[in-house]
Amino acid sequence: MGIGELWSQLGSILASIMFVYAMYEQFFPLHLRRNFLTYTTKFSTLFYPYIQITFHELSGEKLKHNETYKIIQTYLSSNSTKGATKLKAEVIKDSQTPLVLSMDDNQEIVDEFNGIKVWWSANHTTSKSQSFSYYPVSDEKRFLTLTFHKRNRDVITTSYIQHVLEEGKAITTKNRQLKLHTNNPSDDWWGSRISKWSHTIFEHPARFETLAMEPEKKEEIINDLVKFKRGKEYYAKIGKAWKRGYLLFGPPGTGKSTMISAIANFMNYDVYDLELTTIKDNNELKRLLIDTSSKSIIVIEDIDCSLDLTGQRKEKTEKDENDEKMDPIKKAEKEEEKKSKVTLSGLLNFIDGIWSACGAERIIIFTTNFVDKLDPALIRRGRMDKHIEMSYCGYQAFKVLARNYLDVEFHDELFPVIEKLLGEINMTPADVAENLMPKSITEDFESCLKNLIQSLEIEKKKVQDEAEKDKQEMSKEKEKVKTKEKSEQVKENGFTH
Ligand SMILES: Nc1ncnc2c1ncn2[C@@H]1O[C@H](COP(=O)(O)OP(=O)(O)OP(=O)(O)O)[C@@H](O)[C@H]1O
Ligand SMILES: [Mg+2]
């Protein structure tokens with residue numbers, strides 16, 4: 001029997017004595033009864049050296065589930081499996097560890113904080129009231145009791161409870177299954193009953209360890225993210241909303257989307273994939289933002305194709321040139337997007353307007369293939385705090401892919417050849433990865449490396465041929481100019497040399 005339980009039993013004995021006393025109350029005058037009660041209460045608090053705090057499962061008039069109770073339960077579940085002898089198993093929704101063990105009723109566990117011992121017990125009471133109510137009320141009321149010594153009152157009520165809540169929240173976040181949200185077309189937002197976002201479980205396997213890029217650059221991004229995650233006090237101190245913007249830019253297939261997944265897994269954040277095309281106006285954009293949760297990444301992919309944000313300060317010829325380079329799917333999407341009335345200023349407000357500070361710990365990521373074409377206002381520092389270039393595959397990035405795809409760290413003969421070729425040829429990590437992938441289960445790693453070398457050589461030849469062609473055309477062009485100049489000279493002077 002734990003100390004908390006012992007004292008609560010002593011309390012019940014005292015209550016029984018008082019009950020017996022009440023039965024005989026008619027034999028005692030009122031003033032004597034009052035004095036007796038006052039002195040017994042004083043007596044018990046004088047000698048009872050412990051304080052108890054209870055946390056109820058249901059709270060408020062409508063008996064809603066109490067968030068604090070759940071958080072404490074999560075905190076205790078990581079300790080209770082060690083301390084309690086009777087455990088309760090529960091299935092938790094949206095958790096990576098669906099079966100959670102917690103201490104059963106009337107069990108007690110001991111916790112320690114800065115050398116101070118505290119006791120937690122799980123209890124319940126069963127009410128006998130049968131009153132009719134519109135809100136179905138459970139007869140059983142559960143609560144957790146925290147017992148500690150009076151002398152530790154300050155530490156427990158301030159630091160310890162705070163520590164329990166923070167730890168509990170962190171465990172909940174860690175065990176939580178990540179979600180990928182996409183915005184529903186506003187025509188479907190029926191009043192407030194249909195959610196603005198739909199979600200699915202986010203299970204992308206991308207990690208920073210499997211992301212192919214230069215190690216120093218990767219390290220820099222990881223450090224930036226860690227600093228951001230731990231930056232609650234810092235952001236409060238400098239008076240800035242706790243959010244950070246990343247702009248990922250680079251050619252198709254260099255890993256921008258993969259990087260977003262790696263960031264989500266690393267930070268343990270939900271992803272909100274914002275499809276601007278289905279948003280009718282700035283007001284809808286604002287409503288969507290308000291409906292996102294903290295600890296999340298809001299992503300706008302291919303911002304250059306989203307709306308006409310890029311076209312506002314762009315000359316027509318440049319635009320046409322981009323449209324030609326763009327793949328047909330993106331082009332069709334762009335046409336569709338023109339229906340939306342979201343404007344550049346609406347988007348800027350979305351990023352750093354006054355209501356973008358509702359909720360905290362959020363990362364906003366834009367991706368683009370054409371960074372130079374974006375409106376500078378959209379990507380200036382402070383909005384997009386970090387600009388990350390995702391580039392063609394270098395040797396270090398190739399080594400990561402070779403490890404991922406072939407489990408090979410080095411090859412004396414083939415790695416140096418690949419290093420040289422990657423120095424000469426631009427190939428995206430997506431293409432390198434495709435070449436490294438074994439084409440059959442019998443294909444060995446050497447053959448895959450040779451496939452890559454072959455593709456790089458074909459690419460090199462193509463580049464050389466094109467350069468040669470360009471050179472020839474240039475000299476033809478020069479020749480033409482020369483001949484033209486000569487014939488003009490002849491016309492002017494009326495003779496030839
Ligand atoms: N840096 C990388 N590291 C690991 N894998 C990569 C990397 N870049 C590309 N890949 C591989 O190539 C595929 C395509 O990459 P991804 O979709 O991330 O490119 P992207 O830059 O987003 O392209 P787009 O501009 O067309 O959207 C990925 O599924 C991944 O397998
Ligand atoms: Mg992408």
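In this text, all values refer to a predicted model and were calculated from it rather than measured experimentally. Order of listing sets the numbers, starting from 1, for every ligand and every atom in it.
At a 4.0 Å heavy-atom cut-off, ligand 1 touches Pro252 through backbone and side chain alike. Of all the heavy atoms of Asn404, none lies under 4.0 Å from any atom of ligand 1, so neither backbone nor side chain is involved. With a 4.0 Å cut-off on non-hydrogen atoms, Tyr405 touches ligand 1 through its side chain and not its backbone.
Here's the thing with Gly250: none of its N/O atoms is less than 3.5 angstrom from an N/O atom of ligand 1. Considering backbone and side-chain atoms alike, Glu301 places every N or O at 3.5 Å or more from each N or O of ligand 1.
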### Query
Checking salt bridge (Lys or Arg N to Asp or Glu O under 4.0 Å) for the pair Lys420/Glu424: CA distance, chi angles, key distance, verdict?
CA-CA 7 Å; Lys420 187 166 176 291; Glu424 296 165 347; 3.2 Å; yes
### Query
Under the side chain to side chain contact (heavy atoms under 4.5 Å, CB included) criterion, do Glu361 and Tyr269 qualify, and how do the steps go?
CA-CA 9 Å; Glu361 214 180 333; Tyr269 285 0; 2.6 Å; yes
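The main-chain N or O of Gly245 is found under 3.5 Å from a side-chain atom of Asp385 such that the two form a donor-acceptor pair. At least one donor-acceptor pair under 3.5 Å links the side chain of Asn404 to the backbone N or O of Thr210.
Note on ring orientation: taking the six-membered ring where Trp is involved, the planes of His387 and Phe249 are perpendicular (angle over 60°, cut-offs 30° and 60°). Classification of the Tyr272-His181 ring pair by plane angle, with boundaries at 30° and 60°, yields parallel.
The shortest separation from a heavy atom of Gly253 to ligand 1 is under 4.0 Å, placing the residue in contact.
Between the choices Thr258, Asp302, Thr210, the shortest heavy-atom distance to atom 16 (P) of ligand 1 belongs to Thr258. Taking only non-hydrogen atoms, the option from Ala212, Ala262, Ser257 nearest to atom 27 (O) of ligand 1 is Ser257.
Between the side chains of Thr343 and Asn282, at least one donor N or O sits under 3.5 Å from an acceptor N or O.
Of all protein atoms, those that are N, O or S and lie under 2.8 Å from the Mg ion (ligand 2) total 1.
Taking the centre of each ring, Tyr69 and His56 stay at or above the 6.0 Å mark.
Using a 4.5 Å heavy-atom threshold, the side chains of Val110 and Trp120 count as separate.
Close contacts between ligand 1 and Lys256 involve ligand atoms 18 (O), 19 (O), 20 (P), 21 (O), 22 (O), 23 (O), 24 (P), 25 (O) [criterion: under 4.0 Å to a heavy atom].
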